[in-house]
Amino acid sequence: MPILTLKTILKHQNPCRVIGSRFKTSSVQYVASRFRDPTFEKLMDKYKNLLKVIAIQDLILANPTNNPPSVSLDFLSRLSQKLHLNRGAASFLRKYPHIFHIFYDPNKFQTFCRLTDAAMRVSQQEAEAINASLDVVVDRLVRLLSMSTTKSLPLRAVFKVWRELGLPDDFEDSIISRNSHIFKLVDAHEPNTHILTLTDEMRDKRFVACVENWRVMECCRENCAVDRTEIRYSFKHSYPPGMRLVRDFKAKVKEWQRLPYVGPYEEMGEKKRSKAGIMGLEKRAVAIAHEFLSLTVERMVEVEKISHFRKSFAIDLNIRDLFLDHPGMFYLSTKGKRHTVFLREGYERGCLTDPNPVYNARRKLLDLVVLGRHAMLINNESRLLDT
């Protein structure tokens, strides 16, 4: 059973709840009561609109027959509910004039939407960054498969996180087919289902988890007073300002940090049902989640998406509860009608601590989203003053 609960974290407890027994509280109440990190919440305020922008952008770029690529406003309006455009497609598009350009085609008697030149440049920069990092992408995919107990994953699960992993949108051809010495697709027992697996020669390849780099750096720091035996199984923890930690919680974290576990790339062996065995399985699940997030471009993923890998990774725990039980490592946000988890150590002041070219390109699109209509309004005001 998870040893870290919000009941021992929060200084002011809800009197209707039993301290240290999260299973007596509903998941909805538990999520609502968590300590909110203003930095991540502010970032998700921006991201929830970015995700809608990306969905529309993908629809536009999927129509290369139109020159330039575009989609009709009628088509987007029919998808408004699915895209969560509460006030309709036209209203949403007009909020982002730096990204979308609405125009009327007299030949087709229809109103269309295309990307602005600025948005097209950002999209091209992201595509170029992905193509320039294909070797890194292959390594990510191999690592993901290596964490599976069978060295294989349902292809539909990989499709769920292709953008998070920085895969090209044609990765079946550009990554899987072109690296047949590494990957192979096999038919599953279910109809129209494929399994992505590693070839026999790749199955014995050994990897070092990303957390090991942090452990080495901690041990090599000048004037390091950390005992190497203590840090051997530790993970980096950090908490937002204002989150007061009680002594009992700190003691439990210290105890958990020392707990041995089987790494995400190691063979799990037989599951032990003793208390120590269950705690070890829980820590292994945390290690897998940590490694998964470390492999993503933006150190974040929707909880629903990572849940598709539970069976393959032999995780018997509820993924969402796992993130909530370890607030020093993960932050769970519920903004935008979705649960998104961030790897805390990957961020500082709302930005990646170790940015990559794909992230940098996506950040430029986020900047255009944040800009909204602001610059346009300033320009219009300037023109009025000039006249």
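Taking the ring centre of Phe235 as origin, the terminal cationic atom of Arg215 falls inside the region bounded by 6.0 Å and 45° from the ring axis.
Between Phe40 and Phe342, the ring planes are tilted. Angles from 30° to 60° get that label. Note: Tyr239 and Phe249 have perpendicular aromatic rings, judged against thresholds of 30 and 60 degrees for the angle between ring planes.
Applying the ring pair (Phe, Tyr, Trp, His ring centres under 6.0 Å) rule to His308 yields no partners; only residues at least two apart in sequence or on another chain are considered. Not a single side-chain contact (heavy atoms from CB on, under 4.5 Å) links Pro38 to another residue, sequence neighbours left out. In terms of the side chain to side chain donor-acceptor pair (under 3.5 Å) criterion, residue partners of Asp316 (sequence neighbours excluded) are, by chain and number, Lys271. Under the salt bridge (charged side-chain N to carboxylate O under 4.0 Å, His left out) criterion, Arg232 pairs with no residue at all, not counting sequence neighbours. Evaluation of the ring pair (Phe, Tyr, Trp, His ring centres under 6.0 Å) rule for Tyr47 yields no partner, not counting sequence neighbours. Applying the side-chain contact (heavy atoms from CB on, under 4.5 Å) rule to Asp170 yields the partners Pro168, Ser174; only residues at least two apart in sequence or on another chain are considered. In this view, Tyr359 satisfies the ring pair (Phe, Tyr, Trp, His ring centres under 6.0 Å) rule with no residue, not counting sequence neighbours.
Applying the ring pair (Phe, Tyr, Trp, His ring centres under 6.0 Å) test to pairs two or more places apart or on separate chains, those with a residue in residues 71-97 are Phe92-Tyr96. Among residues at least two apart or in separate chains, salt bridge (Lys or Arg N to Asp or Glu O under 4.0 Å) pairs with a member in residues 352-366 are Glu126-Arg362, Glu298-Arg362. Residue pairs meeting the side chain to side chain donor-acceptor pair (under 3.5 Å) criterion with at least one member in residues 111-120, sequence neighbours excluded, do not occur.
Glu291 and Tyr265 share a donor-acceptor pair across their side chains, judged by distance under 3.5 Å alone. A donor-acceptor contact closer than 3.5 angstrom links the side chains of Glu345 and His290. With no hydrogens or angles considered, no side-chain donor-acceptor pair links Arg299 and Thr353 at under 3.5 Å. A donor-acceptor pair shorter than 3.5 Å can be found between the side chains of Tyr331 and Glu41.
Taken together through direct or relayed side-chain contacts under 4.5 Å among Ile, Leu, Val, Met, Phe, Trp and Tyr, Leu85 and Phe112 form parts of separate hydrophobic clusters. Hydrophobic clustering (side-chain heavy atoms under 4.5 Å, transitive across Ile, Leu, Val, Met, Phe, Trp, Tyr) keeps Leu83 apart from Leu51.
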| query | Would Arg338 and Ser333 count as a side-chain hydrogen bond (donor to acceptor under 3.5 Å, both in side chains) if you check the C-alpha gap in whole Å, the side-chain angles of each, and the deciding distance to 0.1 Å? | reply | CA-CA 8 Å; Arg338 50 171 57 84; Ser333 173; over 6 Å; no

| message | Between Arg143 and Asp139, is the salt bridge (charged side-chain N to carboxylate O under 4.0 Å, His left out) condition met? List the steps. | response | CA-CA 6 Å; Arg143 283 173 173 268; Asp139 180 70; 3.0 Å; yes

Give every donor-acceptor pair under 3.5 Å between a side-chain atom in residues 175-187 and any protein atom, sequence neighbours left out.
from: Ser177; atom 1: OG; to: Glu172; atom 2: O; distance (Å): 3.0
from: Asn179; atom 1: ND2; to: Ile175; atom 2: O; distance (Å): 2.7
from: Asp187; atom 1: OD1; to: His194; atom 2: NE2; distance (Å): 3.3

Distance-only criterion, 3.5 Å: show the donor-acceptor pairs between side-chain atoms of residues 151-165 and protein atoms not counting sequence neighbours.
from: Lys151; atom 1: NZ; to: Ser146; atom 2: O; distance (Å): 3.0
from: Ser152; atom 1: OG; to: Thr150; atom 2: OG1; distance (Å): 2.7
from: Arg163; atom 1: NH2; to: Asp58; atom 2: OD1; distance (Å): 3.1
from: Arg163; atom 1: NH2; to: Asp58; atom 2: OD2; distance (Å): 2.4
from: Glu164; atom 1: OE2; to: Lys305; atom 2: NZ; distance (Å): 2.8

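Within a 6.0 Å sphere centred on CD of Gln81, heavy atoms belonging to other residues, nucleotides or ligands number 12 at most. In this structure, Asp135 places its CG atom where only 12 or fewer heavy-atom neighbours from other residues, nucleotides or ligands lie under 6.0 Å away.
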